[in-house]
Amino acid sequence: MAIKVLHHGLATTVQDLGRPGYFHLGIPVGGAMDRFALRAANLLVGNDEGAAGLEAVFIGPKLEFTEDALVAVTGADMPAKVDGVVQPGWSAFKVKAGQVLTFDFLKSGARIVIAVSGGIDVPEALGSRSTYPIGALGGYKGRPLAAGDELPVGKGSLAGEGRTVPEALRRKPGMPAELRVVPGLYWHRVTEQSQENFFADEWKVANEADRMGYRFKGGRKLDFVAREQPFGAGSDPSNIVDSCYPYGSIQVPGGTEPIILHRDAVSGGGYFMVGTVISADMDLIGQLQPHTPTRFVRVTMEEALAARKDRKAALSALRDALA
């Protein structure tokens, strides 16, 4: 079975749960920006929850199927259509051989995940089928899809049509979105007033928001505690001697615009980090559109671990609901 790409949409890539274990070599974890949506879509069509699917941002692709398949679309509200007939979101539906899957205009969120029974069967690279475009690694020829591509699909079951994810389990960003943050190793580098301002201010997602990172604007500039810059650091007070960047860390070049490093971000550099977004909230970032109002919420490590436990419980509830 294959899927013919008639139109690529916008930045449509093959993604799974990523390739952990290579960050020390400068190769990011990668994978779906909204991991919960990927897991849900795969479970809906009977795949292993880490199987490769397609991720599209803002504009969906146009896909023709050469054989019957079970499909699910989760994540953003971008209604799927089969030969022009709208299909339910967060649900499993059939696409017959020769039919074409298209998408309506984006209504909310930013990214959809498309799962197909059997999974997208491109070759693995370093244990993952995820596309890392900057490194031309994985996915379909290491790049976003283009018209004329033909995606191989594994063998899967057609059972489960109509299966759906309960509305209560479809977590979405609030308005304003709230992202929980644990202050980082360099928190002491900014003044107490700036620490308060960072969490008190309302920020907005900038236009520079992609798989590498999300930039935010609109809050007050951070003021730094005066010091003599150490040997090896740059002249700007936001510069440090190069350090590793944790996944989800927030760097603030010049103290002006926070950048949350996401799935395809670099592994280190010379900007200080004000903190790190907790793992339980990273999926939400991938669903934020430019100009979305956002607040950072300070939490302790204990609260972050409790949130991770809650997230695991939500995953268990999802598996139970679709068992």
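Keep in mind that this is a model prediction, so the values were computed, not measured.
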Keeping [X] on the side-chain end and [Y] on the backbone end, is there a donor-acceptor pair under 3.5 Å?
{"X": "Tyr214", "Y": "Leu288", "value": "yes"}
{"X": "Asp121", "Y": "Pro152", "value": "no"}
{"X": "Arg35", "Y": "Leu17", "value": "yes"}
{"X": "Ser117", "Y": "Leu158", "value": "no"}
{"X": "Asp264", "Y": "Tyr132", "value": "no"}
{"X": "Arg170", "Y": "Val165", "value": "yes"}
{"X": "Asn42", "Y": "Glu49", "value": "yes"}
{"X": "Thr12", "Y": "His8", "value": "yes"}

Report yes if the side chains of [X] and [Y] come closer than 4.5 Å at any heavy-atom pair, otherwise no.
{"X": "Arg19", "Y": "Ser130", "value": "yes"}
{"X": "Ile278", "Y": "Arg180", "value": "yes"}
{"X": "Val241", "Y": "Phe231", "value": "no"}
{"X": "Ile120", "Y": "Ile3", "value": "yes"}
{"X": "Phe103", "Y": "Ile59", "value": "no"}
{"X": "Val5", "Y": "Glu150", "value": "no"}
{"X": "Pro253", "Y": "Asp236", "value": "no"}
{"X": "Ser279", "Y": "Arg311", "value": "no"}

Does [X] share a hydrophobic cluster with [Y], counting links as ILVMFWY side-chain heavy atoms below 4.5 Å and allowing steps through other members?
{"X": "Met1", "Y": "Val95", "result": "yes"}
{"X": "Leu284", "Y": "Leu169", "result": "no"}
{"X": "Tyr22", "Y": "Leu261", "result": "yes"}
{"X": "Tyr245", "Y": "Leu185", "result": "yes"}

(request) Take Val181 and Ile250, measure what side-chain contact (heavy atoms from CB on, under 4.5 Å) needs, and give me the verdict at the end. (result) CA-CA 9 Å; Val181 175; Ile250 308 171; 3.8 Å; yes

(request) Using the side chain to side chain contact (heavy atoms under 4.5 Å, CB included) rule, pick out the option among Thr276, Ile260, Ile259 that qualifies with Ser249. (result) Thr276

(message) My understanding is that only one of Leu54, Val100, Thr102 makes a side chain to side chain contact (heavy atoms under 4.5 Å, CB included) with Leu63; could you say which?
(response)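 So, applying the side chain to side chain contact (heavy atoms under 4.5 Å, CB included) to Leu63 and each of Leu54, Val100, Thr102, only Leu54 qualifies.
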
Drop me the distance from [X]'s [atom1] to [Y]'s [atom2], to the nearest 0.5 angstrom.
{"X": "Leu38", "Y": "Arg111", "atom1": "CG", "atom2": "CZ", "result": "13.5 Å"}
{"X": "Thr292", "Y": "Ile285", "atom1": "OG1", "atom2": "CD1", "result": "12.0 Å"}
{"X": "Leu222", "Y": "Thr256", "atom1": "CG", "atom2": "OG1", "result": "8.5 Å"}
{"X": "Gln15", "Y": "Ser128", "atom1": "CD", "atom2": "OG", "result": "7.5 Å"}
{"X": "Phe58", "Y": "Leu106", "atom1": "CZ", "atom2": "CG", "result": "7.5 Å"}
{"X": "Gln251", "Y": "Arg215", "atom1": "CD", "atom2": "CZ", "result": "8.5 Å"}

Which heavy atom of [X] sits nearest a heavy atom of [Y], and at what distance?
{"X": "Met212", "Y": "Asp210", "answer": "N-OD1, 2.9 Å"}
{"X": "Val82", "Y": "Phe93", "answer": "CG2-CE1, 3.7 Å"}
{"X": "Ile240", "Y": "Ala233", "answer": "C-CB, 3.6 Å"}
{"X": "Ser267", "Y": "Gly26", "answer": "OG-CA, 3.6 Å"}
{"X": "Ala76", "Y": "Ser108", "answer": "CB-O, 3.3 Å"}
{"X": "Ala80", "Y": "Leu101", "answer": "CB-CD1, 4.0 Å"}

Is the shortest side-chain N to carboxylate O distance from [X] to [Y] below 4.0 Å?
{"X": "Asp16", "Y": "Arg129", "result": "no"}
{"X": "Arg211", "Y": "Glu55", "result": "yes"}
{"X": "Asp77", "Y": "Lys107", "result": "no"}
{"X": "Lys96", "Y": "Glu67", "result": "no"}
{"X": "Asp281", "Y": "Arg308", "result": "no"}
{"X": "Arg295", "Y": "Glu178", "result": "no"}

(message) Checking side-chain polar atoms at under 3.5 Å, does Thr164 have a donor or acceptor matched by the opposite partner on Ser91?
(response) yes

(message) Any donor-acceptor pair under 3.5 Å linking the side-chain atoms of Asp283 with those of Gln287?
(response)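 Distance-only check fails for Gln287 and Asp283.
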
(request) Before giving the answer on side-chain contact (heavy atoms from CB on, under 4.5 Å), spell out for Asp223 and Val190 the whole-Å C-alpha distance, their side-chain angles and the decisive distance to 0.1 Å. (result) CA-CA 6 Å; Asp223 292 322; Val190 295; over 6 Å; no

(message) Are Phe216 and Phe296, when compared by the centres of their aromatic rings, separated by less than 6.0 Å?
(response)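 Phe216 vs Phe296: aromatic centres under 6.0 Å.
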
(message) Centroid separation under 6.0 Å, is that true for the rings of Trp187 and Phe224?
(response)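 When the ring centroids of Phe224 and Trp187 are compared, they turn out to be at least 6.0 Å apart.
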
(request) Check the pair Arg143 / Asp149 against side-chain contact (heavy atoms from CB on, under 4.5 Å), numbers first and verdict last. (result) CA-CA 11 Å; Arg143 59 168 172 76; Asp149 291 343; 2.9 Å; yes

(request) Kindly determine whether His291 and Val205 satisfy side-chain contact (heavy atoms from CB on, under 4.5 Å), including the steps that lead there. (result) CA-CA 5 Å; His291 311 298; Val205 179; over 6 Å; no

(request) Can you establish whether the number of heavy atoms outside Tyr271 located under 6.0 Å from its atom OH is more than 12? (result) no

(request) With Arg298 as the cation and Phe198 as the aromatic partner, state whether NZ or CZ is under 6.0 Å from the six-membered ring centre and within 45° of the axis. (result) no

